[in-house]
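Encoded as structure tokens, the structure appears first; notes follow it.
In what follows, every chain begins at residue 1, and chains take the letters A, B, ... in the order their sequences are listed. Just so it is clear, the values below take in all heavy atoms, side chains as well, and ignore hydrogens, waters and symmetry mates.
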Amino acid sequence: MSSVRIVLPDNSSKTFDHEPTVLEVAQSIGPRLAKDTLGGQINGESEVVDLRTKLPDGTKLKIITIKSPESLEVIRHSSAHLMAQAVQEIWPDIKVTIGPVIENGFFYDFDSPRSFTPEDLELIDKKMQEILKRDEEVVREDWPIQTAIETFSKMGERFKVELIEDLAKKGETMVGIYRQGKTWFDLCRGPHVQRMGQISAVKTLSIAGAYWRGDEKNPQLQRIYATAFNDRKELEEYLHNLEEAKKRDHRKLGKDLGLFYFHQLAPASPFFAPKGTTIYNELQNLMRELYKKYGYQEIITPQMYDVDLYHQSGHWENYRENMYFSKVDERDFSMKPMNCPGHCLLYQAERKSYRDLPWRVADFGRLHRYERSGVIHGLTRVRTFCQDDAHIFCRMDQLQHEIAQFITMLNETYSTLGMSNYQIFLSTRPAKRMGDDSVWDSAEGALENALKSLHLPYKINAGDGAFYGPKLDIMFVDALKRPWQLGTLQCDFNLPRAFELGYVGEDNKEHRPVMLHRAILGSLERFIGVYLEHTAGHLPTWLSPVQVVLLTVTDRQLDYARGLKKKLEDLGIRAEVDERSEKLGYKIREAQLQKIPYMLTLGDKEVAGGTVSVRLKGGQVLEALSFESFSEQLQKEIRERRLETVFTPPANKLNQEAKHSSL
RNA sequence: GCCCAUGUGGCUCAGGGGUAGAGCACACCCUUGGUAAGGGUGAGGUCGUGAGUUCGAGUCUCACCAUGGGCUCCA
């Protein structure tokens, strides 16, 4: 016997012990809701999405979620149909395929003899508006599956036919058809809006290629991305956010702030300018401090290895197409795509006893991976990079402690960087794997127990582990709510065996260590890209390439400025003097655009009093501070890696802001 | 790798078959001015690379390279 639970748009629910009739559902949720949200359903139109699920006792529970016709998902889904209708009204020879709702909108894939152009998008937008004005009724019909196949076959819609045939294979006998207006209809499970006019804010966004069912062996289709919202205002807001995201694009920030560049003679390989290198080095300094604190030792290992190494590690078998090769003295060499095999060689170089474990070794080695041309992107997907990579070789009974220590270290790193919004995913054994299940049991147990001992929430990705061991992935969620995978910890049973690693135990017998691969920032390159987007380029002072810029009111104060710059540099503060004979306002504008944390404005007053006036990034001004007071507070801010300024904005801040806003 | 788009001085971009433009940046000159752009003068590119069409090609065609948006891939 199966029971049915109806979930209403307001998340309240009612459970039936039998399959309720439509009328029963309508009655049970009250006449108003029935009229507003189920009006169509009473007339045979489904406004439901059903999910079948099993209860713990094995009985089936059918959950029917009733979507309000006003729900965004419904509007977007209907908008996808609207877009398909528009495209076919403009170009009747174009065939439709599928058009699902995605996170921020929807897309529809078309089988078109030619590609769409940006001008086509304008045409489609216009046509959609035209259709909306007709405000046609949306009607659901249920067709016997054979009728549907015949109808779509006649129309030449081979992709639809394929979809329906798949439904038939699954045992469906009827399919839902939604009609918009007199002639246009599409296969759909629903639900949809009741009248097209209910869609008020819809817009095409971009064109892309896509494969039928995401398989590159299948025909290439033309995808149009679009989005829809409840009203114009929400749509405008979304489009505005897209613009904001563009402004935060780390590729643009990198150029504007003079951090890094690319050149076509070294595709997908960043050049870090002095300022970018400062950030890079500061991050390495941070990691090195933490390495010391958490008992890691740093090592340096070769860049190129005889390919025999990769035969032994298994990378030749599985990773060859991502590696760079070179022939020297008739021997085949490869640039290292990861540090681990080299670390195994170094592990072996000295005989290990159980007293030597855990052996934690960190390596900022440069890696090269050939990434397919279509996947490279700014700093976040490059062909040469450097990880904050380390490997921990330990005994099985040390595993849980090492894992917990890693997470603690990661948490310390992320909170230092103002990135406390992250999620942990535990990926467990996949179907294809190596090693005994007992080993998997203890490794997965160690991971889970470590997380539990720290009282950290985590999610399980069952079956998502690597073939050589389970892993943790840490997803950082940035200021724009976008997830990024940065940190990772992977248990590896494979490499220790492939390299026949061992240690002598207390029992004087040979044992095999477990190997942990772990990174916190991921790669420095990728991290810098993500962090720039997260902070929109407003780095904390300790990471800022230029921490203080000295701006003179006239050239008369230049010597004073140069003297202060020297003093600051002697204190380890990165300072610059803008020596150009420009107006103060001009120099401030530039410093502001460069997002420099502190501007010291120096005029005759400051020279006379031996003081500085500090302009904060926010525009507030602290007048006539003694240099010592300024530099001491700043040093503290940098030393403690503060995220926010240590300076208290002046009391007249409000007045200043009022002045600004009235301008 | 696949589809589409783009590739003009350091940057952002306009132009579009008859031998290159703007703003910013840069250099020099004038101005020495207190919290987001003072004024003038000048230097700088053969228009991603190669081939083709043409009397003539940044401008049209093709190939390649790079970049961008997607797809796919991601030990």
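Backbone-only contact: A:R580 has heavy atoms under 4.0 Å from sugar-phosphate atoms and none from a base. Within the 4.0 angstrom heavy-atom criterion, base atoms lie near A:F467. Counting any heavy atom pair closer than 4.0 Å across all strands shown, A:H263 reaches no nucleic acid atom. Among the atoms of the strands shown, only primed sugar atoms or phosphate atoms (P, OP1, OP2) are found under 4.0 Å from some heavy atom of A:I376. As judged by a 4.0 angstrom heavy-atom cut-off over every strand, A:T552 is placed among residues making no nucleic acid contact. At the heavy-atom level, A:R251 lies under 4.0 Å from the strands shown only through sugar-phosphate atoms. Contact annotation for A:D604: base contact, defined as any heavy-atom pair under 4.0 Å involving a base atom. A:A268 comes within 4.0 angstrom of sugar-phosphate atoms only, judged by non-hydrogen atoms across all strands, and of no base. A:K605 comes within 4.0 angstrom of a nucleotide base, judged by non-hydrogen atoms across all strands. Base engagement by A:G374 is indicated by at least one non-hydrogen atom pair under 4.0 Å involving a base atom. Heavy atoms of A:Y370 sit under 4.0 angstrom from primed sugar atoms or phosphate atoms, though from no base atom. Using a 4.0 Å heavy-atom cutoff across all strands shown, A:M599 reaches no nucleic acid atom at all. Note on A:Q594: nothing from the nucleic acid sits closer than 4.0 angstrom, heavy atoms only. Within 4.0 Å (heavy atoms only), A:E371 reaches no atom of the nucleic acid at all.
Atom CD of A:E579 is surrounded by more than 12 heavy atoms from other residues, nucleotides or ligands within 6.0 Å. When the shell of 6.0 Å around CZ of A:R562 is examined, it contains more than 12 heavy atoms from other residues, nucleotides or ligands.
In terms of position on RNA chain B, the residue among A:K617 and A:K587 whose nearest nucleotide sits closer to the 5' end is A:K587.
Taking atom C1' in both B:U12 and B:C73, one finds a spacing of 34 Å when rounded to whole Å. Comparing the same atom, C1', in B:A22 and in B:C47 gives a spacing of 15 Å after rounding to whole Å. Nucleotides B:U59 and B:G15, compared at atom C1', are 9 Å apart to the nearest Å. For B:C3 and B:A75, the P atoms lie 25 Å apart once the distance is rounded to whole Å. Annotation: B:C4 and B:A36 have their P atoms spaced 50 Å apart (nearest Å). B:C28 sits 15 Å from B:A43 when the P atoms are compared, rounded to a whole Å. The gap from the P atom of B:U6 to that of B:G10 amounts to 22 Å, rounded to the nearest Å. Spacing between B:G58 and B:G52 at atom P, rounded to whole Å, works out to 14 Å.
For a distance-only test at 3.5 Å, the side chain of A:R381 qualifies as a donor-acceptor partner of the base of B:C74. No hydrogens or angles were tested; on distance alone, a donor-acceptor pair under 3.5 Å links the side chain of A:E606 to the base of B:G34.
Judged by Watson-Crick or G-U wobble contacts below 3.5 Å, the nucleotide B:A43 has no partner. With a 3.5 Å ceiling on both atom-pair distances, the Watson-Crick or G-U wobble partner of B:C24 is B:G10. Base pairing annotation: B:U54 forms no Watson-Crick or G-U wobble pair, as no partner gives both donor-acceptor distances under 3.5 Å. Pairing for B:C74 is absent, judged as Watson-Crick or G-U wobble with the two contacts each under 3.5 Å. As the counterpart of B:A5, B:U67 is assigned, both hydrogen-bonding distances of the Watson-Crick or G-U wobble pattern falling under 3.5 Å.
Put simply, the residue from A:R526, A:R251, A:R482 that forms a salt bridge (Lys or Arg N to Asp or Glu O under 4.0 Å) with A:E533 is A:R482. Tested against A:E590 for a salt bridge (Lys or Arg N to Asp or Glu O under 4.0 Å), the candidates A:K595, A:R580, A:K583 yield a single pass: A:R580.
Of the listed nucleotides (B:U35, B:U32, B:A37), B:A37 has the atom at the smallest distance from the side chain of A:Y586. For A:N318, counting side-chain heavy atoms from C-beta on, the closest listed nucleotide (B:G69, B:G34, B:A75) is B:A75. The side chain of A:A210 sits closest to B:C71 out of B:C3, B:C71, B:U35. Ranking B:G70, B:C2, B:U32 by closeness to the A:Y211 side chain, first place goes to B:C2. When distances run from any side-chain atom of A:D555 to the nucleotides B:A36, B:U32, B:C71, the shortest one goes to B:U32. Between B:G34, B:G48, B:G69, one nucleotide has an atom nearer to the side chain of A:Q264 than all others, and that is B:G48. Taking the side chain of A:H315 as heavy atoms from C-beta on, and the options B:C73, B:A75, B:G7, the nearest nucleotide is B:A75. Nearest to the side chain of A:R556, among B:G69, B:C3, B:U32, sits B:U32. Checking B:C71, B:U31, B:A36 against every side-chain atom of A:R615, the shortest atom distance belongs to B:A36. Candidate nucleotides B:G69, B:U35, B:G70 were compared by shortest atom distance to the side chain of A:V621, and B:U35 ranks first.
A straight line from CG of A:D256 to P of B:A36 spans 20 Å, rounded to a whole angstrom. Atom CD of A:Q490 and atom P of B:A75 are 9 Å apart (whole Å). Distance CZ (A:R526) to P (B:C74): 15 Å, rounded to an integer number of Å. In this structure, A:R589 atom CZ and B:A37 atom C1' are separated by 5 Å, rounded to whole Å. For A:H311 and B:A75, the NE2 to P distance is 20 Å, given to the nearest whole Å. For the pair A:L367 CG and B:A75 P, the computed distance is 16 Å after rounding to whole Å. Here B:A5 presents its C1' atom at 15 Å from CD1 of A:I224, a figure rounded to the nearest Å. In this structure, A:E590 places its CD atom 10 Å from C1' of B:A36, rounding to the nearest Å.
Dashed line: the shortest gap from a side-chain N or O of A:T601 to OP1 or OP2 of B:G34 is not under 4.0 Å. Put simply, A:K255 has a side-chain N or O that comes within less than 4.0 Å of OP1 or OP2 on B:U12.
Using a 4.5 Å cut-off on side-chain heavy atoms (C-beta onward), A:L550 and A:L602 make contact.
Of the charged side-chain nitrogens involved, none lies within less than 4.0 Å of a carboxylate oxygen, so that A:E623 and A:R615 do not count as a salt-bridged pair. Here A:E444 does not pair with A:R433 in a salt bridge; the nearest charged N to carboxylate O distance is not below 4.0 Å. Remark: A:K247 does not engage A:D249 in a salt bridge, criterion side-chain N to carboxylate O under 4.0 Å. A salt bridge links A:R381 and A:E371; the closest N-O separation between the charged side-chain nitrogens and carboxylate oxygens is under 4.0 Å. With respect to the salt-bridge test (charged N to carboxylate O, under 4.0 angstrom), the residues A:D109 and A:R223 qualify.
Base orientation of B:G23: anti, the glycosidic angle falling outside 90° of 0.
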